[in-house]
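Worksheet for the structure shown next.
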Amino acid sequence: MGKSIDGTIVDTVNGLQVRTIAEGEVEAWCHALVQGFLRPHAGGQADIRRADFKPGRWTAGFDGDRMVATFRSFDVELTVPGGSTVTADAITNVSVLSTHRRRGLLGTMMRRDLAAAAERGNEVAILVAAEYGIYGRYGFGPATRGHGWNIDLNRAGGLRDGLPTVPGGRIDFVSMDELREIGPELYDRWRVGQPGAITRSESWWKHATGVVRYPDRDWKEPFAAVHRDGEGVVTGLAAYRVDDNWDGSYPDCTLTLAGFLALDLPTAVALWRLVLSVDWVRKVVVDNLGPDDPLPLLLKDPRGATPHEDNCDFTWVRVLDVEKAFSARTYGAPGRIVLEVEDELGYAAGRWAIEVAEGGLGRCTRTVDEADLALGVSELGSIHLGSETLSRLAAAGLVKELRPGAAAAADLLLRAPLAAWTPDVF
């Protein structure tokens, strides 16, 4: 723990200082952030970011009076298998200027934040890793993947015949103001069914609908359509943008999906029918869709959909409270498995028994029983949401099987009915 200066805890590392910032320092913090992310500085960012400022959650590294590193976190609800949620410390805006790398700034900021998150009672911390090799050293492991499709409409041939429909259902285009009213409630209904989904703040919706726009980023208003059932209840939405490309006199436009939510298959069918039939469009880009979404199988020719290039690791999970994090979720089969976890920071270190009853309800407790598998806390984070398997991790030499067959047995227990997916960058 560092020393307190005027009530602010300051850590010193290699002649540099790390502390939280005051609201009056947001502009300098923004300047350090864009420089750390190798982007040109654009005025007006501080006013936008200041709206999200929370004392104690914005951190900077200092060389004298100059900010040379940034770090920010905020709490979100993270859906786990079964529909329950845990409170996650969402970490973002992490940067260190190239002039100050490898001097302990990132490690100091991360350890401060994780300690504060554990003290608040957060079960996990999450982040999106710009580079693969950085965050495993702090106990994070990849737990969800990005996923998407490129659809050639001529090859796909549209949707199959005989798919379910919504009696009396209808689709209407809505304005951004209407979307900002309709979207949050629909999303909150949807996210409890998707492991890996996180809460969306009021600020998120303002950015998505163009009320707030960063000066260094292009924003083009999307078309937004909502689906209502026969009683007028909103059950889905699709938002998309269309470029304006022509091959001589022939339209050759690409539709890029900006958002898609459907509470059931009939709603999804209605919305996909709209998206895949927009005039002038020859290609549909769905760059972010759940790995288990049935979309390709809804097409007359699923080969018309090819994987989008950004199918890589996305959300990384760091378990802080093993008992609560693993007791919150449901499981795929009854049984018992004992994990020996190594954690240099100590939060998850020890031996843990996961016991699952019929029906998928489980609990996680400390134990002194002999372990079935040994793993690091990074691998523990990777299996928390059920999308990574212990068998694959063991095959890669990342997990040690202490009892023959333990990895396969544990995979049956940890299996989730729907692959984890986080639809939002945070």
Answer yes or no: is there a donor N or O on one side and an acceptor on the other, between the side chain of [X] and the main chain of [Y], under 3.5 Å?
X: Glu123; Y: Phe326; answer: no
X: Thr330; Y: Pro81; answer: yes
X: Glu379; Y: Gly376; answer: yes
X: Glu323; Y: Thr365; answer: no
X: Ser327; Y: Cys364; answer: yes
X: His384; Y: Ala325; answer: yes
X: Asp343; Y: Ala348; answer: yes
X: Arg213; Y: Gly210; answer: yes
X: Asp372; Y: Ile337; answer: no
X: Asp264; Y: Thr267; answer: yes

Think [X] forms a cation-pi with [Y], using NZ or CZ under 6.0 Å from the six-ring centre and within 45 degrees of its axis?
X: Arg180; Y: Trp205; value: no
X: Arg50; Y: Phe53; value: no
X: Arg189; Y: Tyr187; value: no

Atom pair [atom1]/[atom2] of [X] and [Y] - distance to nearest 0.5 Å:
X: Leu393; Y: Ile383; atom1: CG; atom2: CD1; value: 7.5 Å
X: Leu289; Y: Leu257; atom1: CG; atom2: CG; value: 7.5 Å
X: Leu398; Y: Glu388; atom1: CG; atom2: CD; value: 8.5 Å
X: Leu380; Y: Leu373; atom1: CG; atom2: CG; value: 11.5 Å
X: Thr79; Y: Trp190; atom1: OG1; atom2: CH2; value: 8.0 Å
X: Trp29; Y: Asn93; atom1: CH2; atom2: CG; value: 4.0 Å

Q: Output, in order, the C-alpha distance, side-chain angles, deciding distance and verdict of side-chain hydrogen bond (donor to acceptor under 3.5 Å, both in side chains) for Asp229 and Thr235.
A: CA-CA 7 Å; Asp229 64 17; Thr235 59; 5.8 Å; no
Q) Between Asp321 and Asn122, does a side-chain hydrogen bond (donor to acceptor under 3.5 Å, both in side chains) hold up when you go through it step by step? A) CA-CA 7 Å; Asp321 187 322; Asn122 292 35; over 6 Å; no
Q: For Glu25, enumerate each residue passing the salt bridge (charged side-chain N to carboxylate O under 4.0 Å, His left out) test, keeping only those at least two apart in sequence or located in another chain.
A: Arg19
Q) Can you name the residues that form a salt bridge (charged side-chain N to carboxylate O under 4.0 Å, His left out) with Arg111, not counting sequence neighbours? A) none
Q: For residues Cys30 and Ala46, report the shortest heavy-atom separation together with the two atoms involved.
A: SG-CA, 3.8 Å
(Q) Quick check: closest heavy atoms across Ala88 and Leu78, and the distance to 0.1 Å? (A) CB-CB, 4.2 Å
Is the number of heavy atoms from other residues, nucleotides or ligands within 6.0 Å of [atom1] ([X]) greater than 12?
X: Arg217; atom1: CZ; result: yes
X: Arg241; atom1: CZ; result: yes
X: Glu202; atom1: CD; result: no

Q. Checking ring-ring contact (aromatic ring centres under 6.0 Å, His included) against Trp316, which of Phe426, Tyr132, Tyr138 comes through?
A. Tyr132
Q: Report the residue from Phe223, Phe260, Trp272 that forms a ring-ring contact (aromatic ring centres under 6.0 Å, His included) with Tyr240.
A: Phe223
**Q.** Chi angles and distances behind the side-chain hydrogen bond (donor to acceptor under 3.5 Å, both in side chains) call for Asp411, Ser391
**A.** CA-CA 7 Å; Asp411 287 340; Ser391 295; 2.5 Å; yes
Q: Kindly state whether the ring of Phe314 and the ring of His147 have centres lying under 6.0 angstrom apart.
A: no
Q: Give the intermediate values and the outcome of side-chain hydrogen bond (donor to acceptor under 3.5 Å, both in side chains) for residues Ser95 and Thr70.
A: CA-CA 5 Å; Ser95 74; Thr70 63; 2.6 Å; yes
Q) Residues in side-chain hydrogen bond (donor to acceptor under 3.5 Å, both in side chains) with Glu27, at least two apart? A) none
Q. Is any side-chain heavy atom of Leu153 less than 4.5 Å from a side-chain heavy atom of Lys283?
A. no
Q: List the steps and the verdict of side chain to side chain contact (heavy atoms under 4.5 Å, CB included) for Val317 and Leu385.
A: CA-CA 9 Å; Val317 170; Leu385 297 178; 4.3 Å; yes
Q. Would you say the side-chain atoms of His308 and Asn150 include a donor-acceptor pair closer than 3.5 Å?
A. yes
Q | Polar contact flag, side-chain donor to acceptor under 3.5 angstrom, Asp52-Ser203 | A | yes
Q: Dump the intermediate steps for side chain to side chain contact (heavy atoms under 4.5 Å, CB included) on Leu339 and Arg351, then the final yes or no.
A: CA-CA 6 Å; Leu339 306 176; Arg351 197 169 292 175; over 6 Å; no
**Q.** Candidate pair Arg155 and Asp301, rule salt bridge (charged side-chain N to carboxylate O under 4.0 Å, His left out), full reasoning
**A.** CA-CA 7 Å; Arg155 293 182 177 181; Asp301 185 350; over 6 Å; no
Q | From Arg318, Arg72, Arg120, residue fulfilling salt bridge (Lys or Arg N to Asp or Glu O under 4.0 Å) relative to Asp89 | A | Arg120
